[in-house]
Number of protein chains: 2
Amino acid sequence: MTLAEVQTIHCGDCPIRHRAVCARCDADELEELDGIKYYRSYEAGQPVVWSGDQMNFVGSVVSGIATLTQTMEDGRTQMVGLLLPSDFVGRPGREGAAYDVVATTDLVMCCFRKKPFEDLMAKTPHIAHRLLEMTLDELDAAREWMLVLGRKTAREKIASLLSIIARRDASLTKDPTSGAVSFDLKLTREAMADYLGLTLETVSRQISALKKSGVIVLEGKRHVTVPDMRRLIEEAGDDSDGGFWG
Amino acid sequence: MTLAEVQTIHCGDCPIRHRAVCARCDADELEELDGIKYYRSYEAGQPVVWSGDQMNFVGSVVSGIATLTQTMEDGRTQMVGLLLPSDFVGRPGREGAAYDVVATTDLVMCCFRKKPFEDLMAKTPHIAHRLLEMTLDELDAAREWMLVLGRKTAREKIASLLSIIARRDASLTKDPTSGAVSFDLKLTREAMADYLGLTLETVSRQISALKKSGVIVLEGKRHVTVPDMRRLIEEAGDDSDGGFWG
DNA sequence: GCCTCATGTTGATCTGTGTCAAAGCTGACA
DNA sequence: TGTCAGCTTTGACACAGATCAACATGAGGC
């Protein structure tokens, strides 16, 4: 299924609106602006927007996860953001996207084309304000990540990523007596390397090192338990009070 | 002069409005919203907002330059953004700023407090839209910089920074026959290192290396001439078509 | 002029991370 | 059951960039 073939389906009842656009407004605002709400579906691995394409819509993730990546000609790649449900992407009217957006799971987005989006912005100032807030949050997160990329050691980078995942991951479990936290790493070592500006070998080695010093406990390759979050945060250097994942 | 002592002066005629907030709207919009426009002045080196302070206003730079930096307890610092005239900063109502904002030259800002700012956003949707656009531009620039920090070599980093400065610097001169471009580097080697996640020694060495291979010509320490921009962009790996500086 | 201090350059050496290579593990599938 | 492919770990080695140190340059003040 190519980008061109993606179905565009009108929807009269977008489940995302209360979390995303309307998170701070009265319930049913959007329903009154009929004809401007759409779904789009993408399969895992499919590009949502490819760097250089016209990005002619604004979309909010309903379900699934997408990654934002930048790539150099020689193949070096850097992940620059994640889109989780309720996050936004898109610059209607902007020539050429700045980075690739790829669905890493099956993905559903609620999309607005240029004109309806501009109408929406003009008619509902509180939605415009909420969008600005969300964008500023993303900007803060991106800037925090710049410190990780520019100044932290490999070990600190891994610890930063783990502590941010631990804070953000909704499916995490917490042991009430010990306070230990566990979660599934949904990333390959290579994906982690792309977030952190490292090689996958270095990621693997540093995870082994954190395991050996007892900061984390691994079951299998992907299930992580953190016996003491403070210890992990300490390893991260400190940041870790907001972060890349929102 | 401490932050608390900064004068807050009502102004009825803010010269920045057409470049910043109103860049895409009819001329005199702001004049009709009297009583919500302010100036603030800062001396070079003075903090505008210190990380952890309440950031209780939104400000647009009228003149001067400020830097945004993040610092770790052990002193490692990473520059995460620049504020040039017409740029914005601030999150009214947000507890604690995410990073330090410091005036690096004498600085004048046009500021809005929380309430007037929210009124402005509500009453003038085209200004709200313009603010969103500007914030999205900054987000794109931050993400582009993440590629530089995470994946580029020292030499590529220097070339990236120089080509971005060459594109952004208003005071640059261009030789009409040869196409050579020259400008003054307004940054110390240390500041460049903080942008690029390097040490100042590495910055110095790589500048010398670029000079030796003829990509740039130096007069004194700070005046740079680029005989062939394509050559510099090639050295940068490629990105360099938007960038950190706006 | 001379001193001082901030900024910049260069050299020698060290080290963290990349690179290349081999082998282990796990789940899918025939 | 065996095989295969993708992911992960681990080792040996190389190298880019950090660190430590010495010296150069240039502007400002006396």
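Chain naming here is simple, since letters A, B, ... match the order of the sequence lines and numbering starts at 1 in each. Please read these numbers as outputs of a predicted model, since none were measured by experiment. These numbers come from the heavy atoms of this one structure, side chains and all, not from hydrogens, waters or symmetry mates.
Judged as a side chain to side chain donor-acceptor pair (under 3.5 Å), and not counting sequence neighbours, A:T104 has no contacts. Listed by chain and residue number, nothing satisfies the side chain to side chain contact (heavy atoms under 4.5 Å, CB included) test with B:S204 (two or more places apart in sequence, or in another chain). Partners of B:E156 by salt bridge (Lys or Arg N to Asp or Glu O under 4.0 Å), not counting sequence neighbours, listed by chain and number: A:R76. A search for side chain to side chain contact (heavy atoms under 4.5 Å, CB included) contacts involving A:A166 returns A:L172, A:V181, A:F183, A:M229, not counting sequence neighbours. The salt bridge (Lys or Arg N to Asp or Glu O under 4.0 Å) test applied to B:D228 returns B:R230, not counting sequence neighbours. Partners of A:K174 under the salt bridge (Lys or Arg N to Asp or Glu O under 4.0 Å) rule, at least two apart in sequence or in another chain, do not exist in this structure. The salt bridge (Lys or Arg N to Asp or Glu O under 4.0 Å) test applied to B:R151 returns A:D194, not counting sequence neighbours.
Position along DNA chain C of the nearest nucleotide to A:T153 versus B:V203 favours B:V203 as the more 5'-ward residue. Between A:R151 and A:L200, the residue anchored closer to the 5' end of DNA chain D is A:L200, taking for each the nucleotide with the nearest heavy atom.
DNA chain D lies under 4.0 Å from no heavy atom of any residue of residues 207-227 of chain B.
Bracketed by its first and final contacts, the part of DNA chain C lying under 4.0 Å from non-hydrogen atoms of chain B reaches from C:dT7 to C:dA12 in 5' to 3' order. Taking a heavy-atom distance under 4.0 Å as the criterion, the stretch of DNA chain D touched by chain B extends 5' to 3' from D:dG17 to D:dC20.
Under 4.0 Å is where a charged nitrogen must lie from a carboxylate oxygen, and between B:R143 and A:E138 at least one such pair does.
Between B:V48 and B:A103, the shortest heavy-atom distance links the atoms CG2-N, 4.0 Å.
Each end of the helix from C:dG1-D:dC30 to C:dA30-D:dT1 gets its own axis, taken as the rotation carrying the C1' atoms of four end pairs onto the next four within a five-pair window, and the two axes meet at 30° to the nearest 10 degrees.
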Listed pairs under 3.5 Å, donor-acceptor, residues 212-223 of chain A side chains, sequence neighbours left out:
| from | atom 1 | to | atom 2 | distance (Å) |
| --- | --- | --- | --- | --- |
| A:S213 | OG | A:R155 | NH2 | 3.0 |
| A:S213 | OG | A:A209 | O | 2.9 |
| A:H223 | ND1 | A:D184 | OD1 | 2.9 |

